[in-house]
Amino acid sequence: MKTLLTKLTEAYGPSGSEGPVRELIRKEVEPYVDEIRVDALGNLICLKKGTGGKKVLLDAHMDEIGLMVTHIDKDGFLRYGTIGGVNPFISLGQRVYFENGTFGVIGSERVDDPKDLKTEKLFVDIGAKNKEEASAKVKVGDSAAFFQPAVCLGSRFVAKALDDRAACAVLIETLKRVGETAHDIYAVFATQEEVGLRGARVAAFGIEPDVGIAIDVTRTGDTPKSITMDVSLGAGAAIKVKDSSLICTPALRDYMVKMAQEKGIRYQMEVLEAGGTDSGAIQMTKAGIPAGVISIPCRYIHSPCEMVDLDDVEECVKLTVALCQSPLEF
Ligand code: CO
Ligand code: ZN
C-alpha cells in the first residue's frame, strides 16, 4: 500500500491535466478489469463484469489542486490563478512543478499585514532571467502541481494529493481483492472534482448506475484547537452522513454501517460542514441515484503535506470490498 500510495501521490495531475496519473492508474488496474475506456472529460472508466447483479459505480477523483499560469511578466515571473481551493498562506515558499518537468518556487510581493496575503500577491519564480527565457519553458494556461515527496511516519503517511489519490489506492486495491461478484463494478477514476465535481457528473450520466459510492478524504477534528468534528485519524473508515454537496441516501448509509458492523470493520460517522464530494453530482444524475460516501480521515487537506493513517486506508478497502460482495439490498 505504501508503494502504491507513493507512486500515486507523486504522479502529476491537477484538474484538467490528469493524463500522467491516469496512465499510471490504467497500468495498475488493467489486469483486474474487463473493459477500460476514457471519456470526453478524461475519466478513466473501468468495468469489472458481474454475473447479473446491480450496476455499481465506485468513484475516486484522480485530479489534484494546483495552479495555472495567467501572465508572464517582463522579468520572467509567472502570475497564476488557483485550480481548486488553494490557500495563499500554504502556498508561500512551496515548490511547484509543471507537466514538462519545469520547477518553480512561490514567492510573494512585499506584504506588511499577513491578512493581505492573497493569491494576487504571489508569483512563481522558475529561475528565468526574463520573459523570453520563462516563455521557452512555460506558457500561459499551463498548470502546475505542488512538489513534495511522500514520507511515512509510522502508520501515518504524508504526501501531496492524498486528496484524492488515497481513494484511488483504495479503489485499485478493491479491484485487486474483490474477486467474482454478482454486480457490475464500474470503477471511475474521475477528473475535475476540485473544480466542481465535473468528471463524476458525466460519468454517472453515462453509466446510470443503481448505486453510486464515492471515496474521498474528509477533515478531522483531532489536531490542536481544530474545527469541532467527530472524525479522528486512526479511528477507521468514515461513513458520510452529509457534506455541502449531498445528504447521503439514508438507506444506503445505514446499509454501510450494517456491513461494517457485520464484518468487524472499524468505522466512524462523518458530518462534514464545508466541502463536497463527487457523490453530490452522482446522486443528482438523471432521475436520482442512491449515493453514499466512504471517507478517509485526512489532516491538512489541500496542503502539500496531507496526512492519512494507513490503518484507516485499509479499513476503507475492506468496507468497499464488503459492499461489492454484498447483495446491496437496502
Ligand atoms: Co479536495
Ligand atoms: Zn477530494
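For ligands, and for the atoms within them, numbers begin at 1 and follow the listed sequence. This chain uses plain numbering: 1 for the first residue, then up along the sequence. This structure is a prediction, so every number in the text was calculated from the model and none was measured. Atoms considered below: every heavy atom in the structure, side chains included; atoms not considered: hydrogens, waters and symmetry mates.
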Quiz item: Counting distance only, does the side-chain N/O of Asn43 pair as donor-acceptor with the main-chain N or O of Thr191 below 3.5 Å?
Solution: yes

Quiz item: How about Ser15 and Gln192: does a side-chain donor come under 3.5 Å of a side-chain acceptor?
Solution: no

Practice problem: Using side-chain contact (heavy atoms from CB on, under 4.5 Å) as the criterion, point out the one residue from Ile45, Asp59, Val29, Val38 that pairs with Phe189. | Solution: Val29

Exercise. Assess whether side-chain hydrogen bond (donor to acceptor under 3.5 Å, both in side chains) is satisfied between Glu64 and Tyr12, documenting all intermediate values.
Key: CA-CA 8 Å; Glu64 65 185 302; Tyr12 180 87; over 6 Å; no

Quiz item: Phe205 ring centre to Lys286 NZ or CZ under 6.0 Å, with the angle to the axis within 45°?
Solution: yes

Quiz item: Could Arg26 and Glu18 be called an ion pair, given the rule that one side-chain N must be under 4.0 Å from one carboxylate O?
Solution: no

Quiz item: Would Lys54 count as a cation-pi partner of Phe330, with NZ or CZ less than 6.0 Å from the six-membered ring centre and within 45° of the ring normal?
Solution: yes

Self-check item: Neighbouring protein N, O or S atoms of the Co ion (ligand 1) [cut-off: under 2.8 Å, no waters]
Solution: Asp163 OD2, Glu194 OE1, Glu194 OE2, His302 NE2

Quiz item: Just checking, any donor-acceptor pair under 3.5 angstrom between side chains of Tyr300 and Thr223?
Solution: no

Quiz item: List-wise, which protein N, O or S atoms are found short of 2.8 Å from the Zn ion (ligand 2)?
Solution: His61 NE2, Asp163 OD1, Asp216 OD1, Asp216 OD2

Exercise. Flag the pair Lys118 and Asp116 as a salt bridge only when some basic side-chain nitrogen lies within less than 4.0 angstrom of an acidic carboxylate oxygen.
Key: no

